[in-house]
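In what follows, a single structure is set out as structure tokens and then discussed.
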Amino acid sequence: LDLRWPIPTVAGQPLDEQFPSLVDWIHPVTGSDEHMPEQPSRHFGAERKGIERTECGAGHCGVDLDGPRGRPIVAVADGTVVRVERHELGLDGRSGRYVKIEHDDGTLTAYMHLDEVADGLEGGDHVDGGQYIGLLGATACYHAAAHLHFSLEIPNRSGETGDTTDTHYVDPAPFLVRAKVVSVPDRKHAIKPAM
């Protein structure tokens with residue numbers, strides 16, 4: 001366990017006690033050799049131009065995880081897909097293809113720069129931790145090698161759900177270093193919402 005990333009506390013309570021979905025993550029990059037990148041430029045809070053989120057330090061609101069292009073990416077925990085972007089550059093020209101998942105406690109995880117999103121995966125679908133959601137890629141990676149930009153958002157008000165903007169980013173590193181790496185993704189189909 002890497003002690004450089006202790007579990008953060010809010011009002012004296014560990015974040016993973018407030019948000020139970022943060023416990024027992026499955027690492028998003030299957031077969032990964034590293035839980036966290038060594039290069040500080042790939043860490044949360046590293047310098048990024050044009051990002052105006054005070055909680056993100058110098059602008060990087062996630063962690064850039066390494067892996068070979070085409071490596072399967074999985075959901076870190078059970079949840080509901082709240083956004084799927086299949087456009088090559090993403091709506092903002094920066095995110096590329098991505099999937100965003102809301103977990104049962106309102107936390108949100110996002111998986112960006114995917115070369116491919118799992119066939120048939122749509123908003124409203126339920127996925128399990130370890131379930132295949134796409135392939136590590138380089139969509140909208142203009143000056144960087146293929147990687148997974150992975151981010152974690154926490155709701156500002158408890159009980160608030162959905163793909164809202166009333167969240168703040170937190171460093172996912174403490175949960176990534178504790179995550180279990182799986183070598184093969186769960187390839188089952190997402191569960192569609194009841195009509």
Side-chain angles (χ1 to χ4, degrees), residues 1-29 34-66 73 75-77 79-85 89-114 129 133 139-144 147-179:
L1 183 61
D2 196 324
L3 299 177
R4 289 178 293 177
W5 287 285
I7 301 281
T9 58
V10 176
Q13 186 183 20
L15 206 57
D16 58 356
E17 287 181 13
Q18 296 173 55
F19 297 99
S21 75
L22 299 175
V23 179
D24 297 329
W25 267 8
I26 293 173
H27 199 277
V29 181
E34 60 173 18
H35 279 79
M36 266 295 290
E38 287 301 319
Q39 300 95 312
S41 64
R42 292 167 56 200
H43 293 179
F44 184 89
E47 186 174 344
R48 292 294 185 276
K49 300 280 185 239
I51 309 286
E52 302 295 327
R53 296 286 299 226
T54 53
E55 75 268 30
C56 298
H60 196 212
C61 293
V63 172
D64 289 343
L65 297 168
D66 215 358
I73 299 301
V76 295
T80 301
V81 175
V82 290
R83 187 170 297 179
V84 173
E85 178 54 60
L89 298 180
L91 295 176
D92 59 2
R94 293 174 172 229
S95 315
R97 291 189 187 99
Y98 70 92
V99 174
K100 192 172 195 180
I101 297 170
E102 182 180 35
H103 305 286
D104 295 342
D105 52 15
T107 60
L108 295 155
T109 53
Y111 311 75
M112 297 183 177
H113 307 309
L114 302 173
I133 56 170
T139 55
C141 289
Y142 300 105
H143 307 291
H147 65 275
L148 176 71
H149 172 91
F150 176 79
S151 65
L152 169 64
E153 293 172 75
I154 302 290
N156 289 328
R157 290 191 290 278
S158 70
E160 191 162 275
T161 60
D163 184 17
T164 68
T165 52
D166 196 18
T167 61
H168 62 278
Y169 288 95
V170 296
D171 188 351
F175 312 104
L176 287 168
V177 298
R178 290 163 176 81

Minimal non-hydrogen separation, Ala77 against Ser21, with atom names: CB-O, 3.9 Å

Minimum-distance pair of heavy atoms, taken over all atoms of Pro172 and Trp25: O-CZ3, 4.0 Å

Interatomic distance, Asp66 atom CG to Met36 atom CE [nearest 0.5 angstrom]: 12.0 Å

Close side-chain approach of Leu65 and Leu176, heavy atoms under 4.5 Å: yes

Minimum heavy-atom distance Gly96-Ala140, with the two atoms named: N-CB, 3.4 Å

Within-4.5 Å side-chain heavy-atom neighbours: Val76 and His103: yes

Polar side-chain atom of Thr139 near backbone of Arg97 as donor-acceptor pair, under 3.5 Å: yes

Pairwise side-chain contact, Thr107 with Ile154, heavy-atom cut-off 4.5 Å (strictly under): yes

Heavy-atom donor-acceptor pair, His35 side chain to Ala179 backbone, under 3.5 Å: yes

Between SG on residue Cys61 and NE2 on residue His168, distance to nearest 0.5 Å: 11.5 Å

Whether His27 side chain and Val29 backbone form a donor-acceptor pair below 3.5 Å: yes

Considering all heavy atoms, the nearest Thr9-Gly12 contact: CB-C, 4.1 Å

Nearest atoms (heavy-atom pairs only) where Pro37 meets Val63: CD-CG1, 3.7 Å

Leu108 side, atom CG; Tyr169 side, atom OH - distance, nearest 0.5 Å: 9.0 Å

From Arg94, His60, Arg42, residue fulfilling side chain to side chain donor-acceptor pair (under 3.5 Å) relative to His149: His60

Side chains of Glu55 and Val170 in contact at under 4.5 Å (non-hydrogen atoms): no

Leu15 vs Phe175, side chain to side chain contact (heavy atoms under 4.5 Å, CB included): CA-CA, chis, key distance, verdict: CA-CA 10 Å; Leu15 206 57; Phe175 312 104; 4.2 Å; yes

Gap between atom CD1 of Ile73 and atom CE of Met112 - 0.5 Å precision: 13.5 Å

Worked verdict on Thr109 versus Tyr111 for side-chain hydrogen bond (donor to acceptor under 3.5 Å, both in side chains): CA-CA 7 Å; Thr109 53; Tyr111 311 75; 2.8 Å; yes

Pro20 to Gln18 - nearest heavy-atom pair and separation: CD-O, 3.6 Å

Separation of Glu153 CD from Asp166 CG (nearest 0.5 Å): 10.5 Å

Criterion salt bridge (Lys or Arg N to Asp or Glu O under 4.0 Å) on Lys49 and Glu47, from CA distance to verdict: CA-CA 7 Å; Lys49 300 280 185 239; Glu47 186 174 344; 2.5 Å; yes

Side chain to side chain contact (heavy atoms under 4.5 Å, CB included) between Arg178 and Ile7, intermediate numbers included: CA-CA 10 Å; Arg178 290 163 176 81; Ile7 301 281; 3.7 Å; yes

Spacing of CG belonging to Asp171 relative to SG belonging to Cys56, to within rounding of 0.5 Å: 9.5 Å

